[in-house]
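See structure below.
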There are 2 protein chains.
Amino acid sequence: MAPPPASTASRMIALFLRVLTFGFLIVSLVILTTNTATLEVGMAEVKVRFKDIYAYRYMLASVAFGLAYTLLQTAFTLRNMVTGNSLTSGDGNLVFDFYGDKVISYVLATGAAAGFGATKDMKPLFAGAGVDKFFNKGYASASLLLLGFVCTAILSVFSSYALPKKV
Amino acid sequence: MAPPPASTASRMIALFLRVLTFGFLIVSLVILTTNTATLEVGMAEVKVRFKDIYAYRYMLASVAFGLAYTLLQTAFTLRNMVTGNSLTSGDGNLVFDFYGDKVISYVLATGAAAGFGATKDMKPLFAGAGVDKFFNKGYASASLLLLGFVCTAILSVFSSYALPKKV
């Protein structure tokens, strides 16, 4: 049996949180990928990019997963609101929402944590080498990723409550 | 209204996962806190402890939270199994399980991610300084924390399905 249709209000809140997540993640992505610096090692200068730090690579992967999933879910929600049908809001979709929100929120949380962990401990090691700004941008990107995680975690609570009771 | 009582089988599985989580976390804690090394900087030697790396401090905090929560939940489960009553398995307890498992699984996931992120990027910076073993133990501790997270994430799926339907 199909569950009772979600109210328009709860759909609007979910849509708002998805759009917010998307916004946070896209800004995080831009800051992360455009982040470059010049490391001064004695007389030499070495160009540093986000790719040189493994934690930032993992952050990129987690942001990319988050963006793809959020886009997909936003498209589903908009389609449901426009057509008003429950083709994609049956039990199967609720279970997909549940596991999707859960997994993606873990992915975003670990991405932010890896970014913070690496930045916090590496920044003092390169103090005075002209890369402070580089690591500050790493913090900024990780903070936005964290905000994206918070939105997804709230959505994950909603989708847990919406789970059909079969087990 | 009280939900239908959980079957003995599902309680046994939950208890098994709690004990497993506890085991992973306690070993992770021991490896993390006993981890020391001597860093060779030129002629000088500097003692390195896990406290010197902020990511490892956060790992310690997340393991401590995880252990306290897992102990509490194990005690609740054992008490329920022995007395067979539902004093602590009413709706309120199911909601506590849900949010508890969710929050603690995020805490453990971020702890492991911060540990992995910092270790992966810092290890090559200190190559040849005699602290490889120190970072390898960091990896070991983070891996066990990750296993503890996986168990808690499974428990979190269970407690989401057990949520009372009120929303």
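Just so it is clear: chains get the letters A, B, ... in the order the sequence lines come, proteins before strands, and each one is counted from 1. Note that the structure is a prediction, hence the values are computed from the model and not measured.
Two different hydrophobic clusters hold A:Tyr54 and A:Val46 under the rule that ILVMFWY side chains link at heavy-atom gaps under 4.5 Å. In the hydrophobic clustering of ILVMFWY residues, with side-chain heavy atoms under 4.5 Å counting as a link, A:Phe24 and A:Phe16 come out together. In the hydrophobic clustering of this structure, B:Ile26 groups with B:Phe50; members are Ile, Leu, Val, Met, Phe, Trp, Tyr whose side-chain heavy atoms approach within less than 4.5 Å, directly or through other members. One hydrophobic cluster holds both B:Leu67 and B:Leu71 under the rule that ILVMFWY side chains link at heavy-atom gaps under 4.5 Å. Residue B:Leu20 is grouped with residue B:Phe149 when hydrophobic side chains (ILVMFWY) are merged at heavy-atom distances under 4.5 angstrom, including chains of intermediate members.
Rounded to the nearest 0.5 angstrom, B:Asp52 CG and A:Asp121 CG are separated by 9.5 Å. Atom CG of B:Leu108 is separated from atom OH of A:Tyr106 by 9.0 Å, given to the nearest 0.5 angstrom.
Between chain B and the options A:Gly115, A:Ala112, A:Ser105, heavy-atom pairs under 4.5 Å are most frequent for A:Ser105.
Neither the backbone nor the side chain of B:Phe116 comes within contact range of chain A, judged by heavy atoms closer than 4.5 Å. Proximity to chain B (any heavy atom under 4.5 Å) is shown, for A:Tyr58, by neither the backbone nor the side chain. Neither the backbone nor the side chain of B:Ser159 has a heavy atom closer than 4.5 Å to any heavy atom of chain A. At a 4.5 Å heavy-atom cutoff, the contact between A:Ser156 and chain B is made by backbone and side-chain atoms alike. Of the two parts of A:Phe98, only the side chain, counted from C-beta on, holds a non-hydrogen atom closer than 4.5 Å to a non-hydrogen atom of chain B.
Atom OH of B:Tyr139 has more than 12 neighbouring heavy atoms from other residues, nucleotides or ligands inside a 6.0 Å radius.
Counting only heavy atoms from C-beta outward, the side chains of B:Leu125 and A:Leu125 approach each other to under 4.5 Å.
Pairing each heavy atom of B:Gly117 with each of A:Ala118, the nearest pair is O-CB, 3.9 Å. Counting all heavy atoms, side chain and backbone alike, A:Ser160 lies closest to B:Lys102 at OG-NZ, 4.1 Å.
Ring orientation note: the planes of B:Tyr99 and A:Tyr161 are tilted relative to one another, at an angle of 30° to 60°.
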